[in-house]
Amino acid sequence: MPKTPTARSTSIAGLLTATSLVLALSGCATYDVTAPADARAEAPAAAVKEKDARVAAAADGKNEAGKNRPGKNGSAGGDAGPEVDCRKAKCVALTFDAGPSENTDRLLDILKKEQVHATFFMLGKNHVDKRPAEVKRIDAEGHELANHTWSHQILTEIDPAEAKRELSRLQDAVHKITGKSPRLMRPPQGRTDGEVSRISKELGLAQVLWSVTAKDYQTNDSALITKRVLEQTERDGIILLHDIYKGTVPAVPGILKELKKRGYTVVTVSQLLSPAKPEPGMVYRP
């Protein structure tokens, strides 16, 4: 029987986690899926209290520079920059897959100029291993480090032990360069199942899918990439782009300008989920 996702919802009694009992009894392996808004609504009371305190401190101008710097205690963070409250703000997460590449420094220059932070789902082979300086810069400038496997193998089509190596090898490489371990991963082609979720949980990784794709792997037309992103973007969405393709980075300034014009606050995935923290094994899908 195929692996079956189990959605988490807050629509009943405010907070409801869907049960997988029936599916388990019928022999199906399940994995949990939740949306960013539901994750925020289900955040533990202590996390909500902590978030409210940070928001209040920011409003009072009491935030110390760098106080909430991501990556403390060896985690790859994502709560960079000014305190953002996506419970109230119209947020969208910006993510880049499959880098770093020769285009990454230019992208980082743009993000720095626009004062925007993003989540980078990085590949190991021919990327992280060849461009440690870019990995260090991504981290140093407050972006979120995330895992896109070592060599982009489809995790649902390989042996579980190999799938674990695909993820753990990237974890080890990023930690060696930055001293921090990603908390998020994006399965290649978005393909996951119960076994991949089990492995992710074991490695301390939450899974992140997307709601917006420009299909920039099909075109170098920056205007078309911009159009596709803007047509699909809604509140609490997750934008998927690739900084490895030459048409993508030139599209970013126009995308950011129009998103801000439409009232969006562009954030990392972890900022989008806050006050919830990424839950290992969980699949986050808008």
Side-chain angles (χ1 to χ4, degrees), residues 34-37 39-40 43 47 50-51 54-55 58 63 66-100 104 107-122 134-148 174 178 180-186 204-213 229 233-243 248 252 255-256 259-260 264-280 282-286:
T34 194
R40 293 194 302 264
E50 179 184 349
K51 177 73 172 182
R54 293 200 307 268
V55 171
N63 256 1
K67 182 177 180 181
N68 296 315
R69 175 75 169 87
K72 297 295 184 183
N73 302 318
S75 68
D79 299 321
E83 191 65 43
V84 178
D85 189 354
C86 292
R87 295 170 297 178
K88 299 178 180 178
K90 184 181 175 182
C91 292
V92 63
L94 180 62
T95 71
F96 294 92
D97 280 14
T104 302
L107 172 60
L108 291 171
D109 289 343
I110 293 168
L111 296 177
K112 186 174 183 179
K113 179 180 178 181
E114 297 297 329
Q115 298 183 27
V116 165
H117 292 94
T119 301
F120 285 79
F121 291 91
M122 299 177 291
E134 285 89 337
V135 177
K136 288 180 180 178
R137 184 180 172 192
I138 289 169
D139 174 54
E141 296 187 2
H143 302 285
E144 186 165 33
L145 305 166
N147 190 326
H148 196 41
V174 172
T178 67
K180 300 167 186 175
S181 298
R183 298 182 300 176
L184 306 176
M185 83 89 161
R186 176 169 284 155
L205 290 165
Q207 303 175 79
V208 180
L209 303 184
W210 60 90
S211 58
V212 179
T213 175
V229 169
T233 298
E234 296 181 354
R235 183 175 182 176
D236 287 331
I238 299 176
I239 298 169
L240 165 61
L241 293 170
H242 299 80
D243 52 322
T248 301
V252 172
I255 291 170
L256 294 178
L259 288 177
K260 291 179 180 180
Y264 285 99
T265 299
V266 180
V267 297
T268 67
V269 171
S270 288
Q271 285 178 313
L272 186 67
L273 300 178
S274 181
K277 298 185 185 302
E279 181 180 335
M282 177 65 72
V283 177
Y284 293 94
R285 180 177 64 194

* Flag side-chain contact, heavy atom, 4.5 Å: Leu272 against Tyr284 -> no

* Structure fact -> One should read off an interatomic distance between Thr34 OG1 and Arg285 CZ, to the nearest 0.5 angstrom, of 10.0 Å

* **Distance (rounded to the nearest 0.5 Å) between Leu273 CG and Leu184 CG** => 7.5 Å

* To do: Quick one: list whatever passes side-chain contact (heavy atoms from CB on, under 4.5 Å) with Thr213, sequence neighbours left out.
  => Trp210, Lys215, Gln232, Leu240

* Please determine, by modelled atom types, if Glu134 and Thr104 share a side-chain donor-acceptor pair under 3.5 angstrom. => no

* **Min side-chain heavy-atom separation Pro286-Glu234 under 4.5 Å** => no

* To do: Say whether, by atom type as modelled, one donor and one acceptor occur between the side chain of Thr248 and the main chain of Leu241 under 3.5 angstrom.
  => no

* Asked: Are Ser270 and Arg183 close enough, and set up right, to give a side-chain contact (heavy atoms from CB on, under 4.5 Å), and what steps lead you there?
  -> CA-CA 9 Å; Ser270 288; Arg183 298 182 300 176; 3.3 Å; yes

* Asked: Any side-chain heavy atom of Leu94 sitting closer than 4.5 Å to one from Leu259?
  -> no

* Arg40: what forms a side-chain hydrogen bond (donor to acceptor under 3.5 Å, both in side chains) with it, not counting sequence neighbours? -> Asp236

* If you take all heavy atoms of Pro182 and Asn147, which pair is closest and at what distance? -> CB-N, 4.1 Å

* Under the ring pair (Phe, Tyr, Trp, His ring centres under 6.0 Å) test, which residues partner Phe120, sequence neighbours left out? -> Phe96, His143

* To do: Specify the closest pair of heavy atoms between Ala89 and Arg235, including all atoms of both residues, with the distance to one decimal.
  => O-NH2, 3.0 Å

* **Residue pair Pro100 / Met122, side-chain heavy-atom distance below 4.5 Å** => yes

* Set of side-chain contact (heavy atoms from CB on, under 4.5 Å) partners for Lys136, sequence neighbours left out -> Ile177

* Under 3.5 Å: donor-acceptor pair, side chain of Ser211, backbone of Ile238 -> yes

* Backbone of Ile239 reached by a side-chain donor or acceptor of Thr95 within 3.5 Å -> yes

* To do: Mind checking side-chain hydrogen bond (donor to acceptor under 3.5 Å, both in side chains) for Gln207 and listing every partner two or more places apart, or none if nothing turns up?
  => Thr192, Ser197

* If you take all heavy atoms of Gly142 and His117, which pair is closest and at what distance? -> O-CD2, 3.2 Å

* Structure fact -> Taken in chain and number order and not counting sequence neighbours, the residues that satisfy side-chain contact (heavy atoms from CB on, under 4.5 Å) with Lys112 are Glu141

* Structure fact -> d(Ser274 OG, Asp85 CG) to nearest 0.5 Å is 7.5 Å

* Heavy-atom donor-acceptor pair, Lys260 side chain to Glu114 backbone, under 3.5 Å -> yes

* **Heavy-atom pair of closest approach, residues Ala39 and Ala276** => O-CB, 3.2 Å

* Atom pair CD/NZ of Glu144 and Lys180 - distance to nearest 0.5 Å -> 11.5 Å

* Indicate yes or no for a side-chain donor-acceptor contact from His148 to the backbone of Arg186 under 3.5 Å, with no hydrogens or angles considered. => yes

